[in-house]
> 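My structure is below; once you've seen it, I'll send some questions.
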Amino acid sequence: MRAKSRLMIVASRAVFALALSFACAHGFARDAAAAPGVDIGGERVTPTHLTLADLAKMVPRADVHASAHGDAAVWSGVPLIDVLKSAGAPTGDAVRGPALALYVRVTAADGYRAVFALAELDPGIGHANVILADRKDGKPIDDKEGPLRLIAAGDGRPARWVRQVIAIDVLSAPERAASP
Ligand SMILES: Nc1nc2c(c(=O)[nH]1)N[C@H]1C(S)=C(S)[C@@H](COP(=O)(O)O)O[C@H]1N2
Ligand SMILES: [Mo]
């Protein structure tokens with residue numbers, strides 16, 4: 001009877017240890033896949049997850065002095081066009097023909113979305129000064145705003161300064177439906 005209950009304890013410990021190691025392995029695997037960063041997807045790009053470390057290594061970087069609601073700051077990050085280029089989006093001379101109907105949808109953790117025309121982001125055509133910022137005043141951006149925030153420096157109001165960016169997709173504007 002005693003031996004049996006000892007056996008039961010050993011067995012249940014083994015089951016517990018096994019379950020724990022499974023949970024850890026699963027948890028670690030999931031953390032690695034979902035390391036904080038941004039998913040790039042949509043059309044004419046290679047779906048890519050850029051981690052914060054990937055972004056920190058990207059060149060060129062750009063600094064923007066801008067203020068939202070009187071809160072002046074120096075934002076630093078990577079121009080959005082270069083983030084897209086790194087995933088294979090058309091830029092420069094390739095922004096012609098059907099690529100002129102491409103738009104970029106930036107999605108936040110709270111579901112907030114803002115769009116830009118790809119052409120408006122390409123410095124050869126437009127002059128939107130948009131960066132995907134990962135630093136504010138030289139420090140990582142806090143979780144309320146970041147870790148990634150879009151800064152559209154040329155905009156009048158900061159409405160497209162998407163906080164907590166989680167995804168950026170290149171999409172093609174649908175063709176106009178035939179008139180009735
Ligand atoms: N994720 C997310 N980003 C957002 C918004 C939002 O609701 N959710 N509001 C936008 C609007 S309308 C404005 S004016 C600014 C406000 O920026 P602030 O909170 O830094 O003042 O954030 C923009 N970015
Ligand atoms: Mo706003």
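As the structure lists them, so they are numbered: ligands from 1, and atoms in each ligand from 1.
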> Is the closest heavy atom of Arg160 to ligand 1 under 4.0 Å?
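Per 4.0 Å heavy-atom rule, Arg160 does not contact ligand 1.
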
> Considering only non-hydrogen protein atoms, determine which one is nearest to atom 18 (P) of ligand 1 and report residue, atom name and distance to 0.1 Å.
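Nearest neighbour among protein heavy atoms for atom 18 (P) of ligand 1, to 0.1 Å: Arg163 NH1, 3.5 Å.
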
> At what distance is the nearest protein heavy atom to atom 12 (S) of ligand 1, and which residue and atom is it?
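For this ligand atom, the closest protein heavy atom is Tyr112 OH, 3.4 Å.
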
> Students should be able to answer this: which protein heavy-atom is nearest to atom 22 (O) of ligand 1, and at what distance?
Arg149 NH2, 3.2 Å

> With a 3.5 Å distance limit and no angle check, can you tell me whether Arg149 reaches the backbone of Trp161 through a side-chain donor-acceptor pair?
yes

> To the nearest 0.5 Å, how far apart are CG in Leu50 and CD1 in Ile168?
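Between Leu50 CG and Ile168 CD1, I get 8.0 Å after rounding to 0.5 Å.
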
> Can any side-chain N or O of Thr51 pair as donor or acceptor with the backbone N or O of Asp54 at less than 3.5 Å?
yes

> Could you tell me whether His69 approaches ligand 1 through its side chain, its backbone, both or neither, with non-hydrogen atoms closer than 4.0 Å?
side chain

> Which atoms of ligand 1 sit under 4.0 Å from any heavy atom of Asp110?
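What qualifies from ligand 1 is 1 (N), 2 (C), 6 (C), 7 (O), 8 (N).
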
> Testing the basics here: between Leu150 and Val165, what is the closest heavy-atom pair and its distance to 0.1 Å?
N-CG2, 3.9 Å

> Would you check if the side chain of Asp169 reaches a backbone N or O of Leu171 as a donor-acceptor pair within less than 3.5 Å?
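Side chain of Asp169 to backbone of Leu171, a donor-acceptor pair under 3.5 Å: no, none is there.
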
> Is any NZ, NE, NH1 or NH2 atom of the basic residue among Asp134 and Arg61 found under 4.0 Å from an Asp or Glu carboxylate oxygen of the other?
yes

> Name the closest protein heavy atom to atom 13 (C) of ligand 1, giving the residue it belongs to and the distance to 0.1 Å.
Pro158 O, 3.6 Å

> Below 4.0 Å, non-hydrogen atoms only: which portion of Lys144 touches ligand 1? Side chain, backbone, both or neither.
neither

> Going by the order shown, which atoms of ligand 1 are within less than 4.0 Å of some heavy atom of Ala108?
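Contacts of ligand 1 toward Ala108, numbered from 1: 1 (N).
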
> Backbone or side chain, does any N or O of Gln164 fall under 3.5 Å from an N or O of ligand 1?
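Between Gln164 and ligand 1 (N or O atoms, distance only) the closest approach is not under 3.5 Å.
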
> Heavy atoms, side chains only, cut-off 4.5 Å: are Val83 and Leu55 in contact?
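Answer yes - side chains close enough.
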
> Kindly check if the number of other-residue, nucleotide or ligand heavy atoms within 6.0 Å of CG (Asp93) is above 12?
no

> Using a 4.0 Å heavy-atom cut-off, say whether Trp161 meets ligand 1 through its side chain, its backbone, both or neither.
backbone

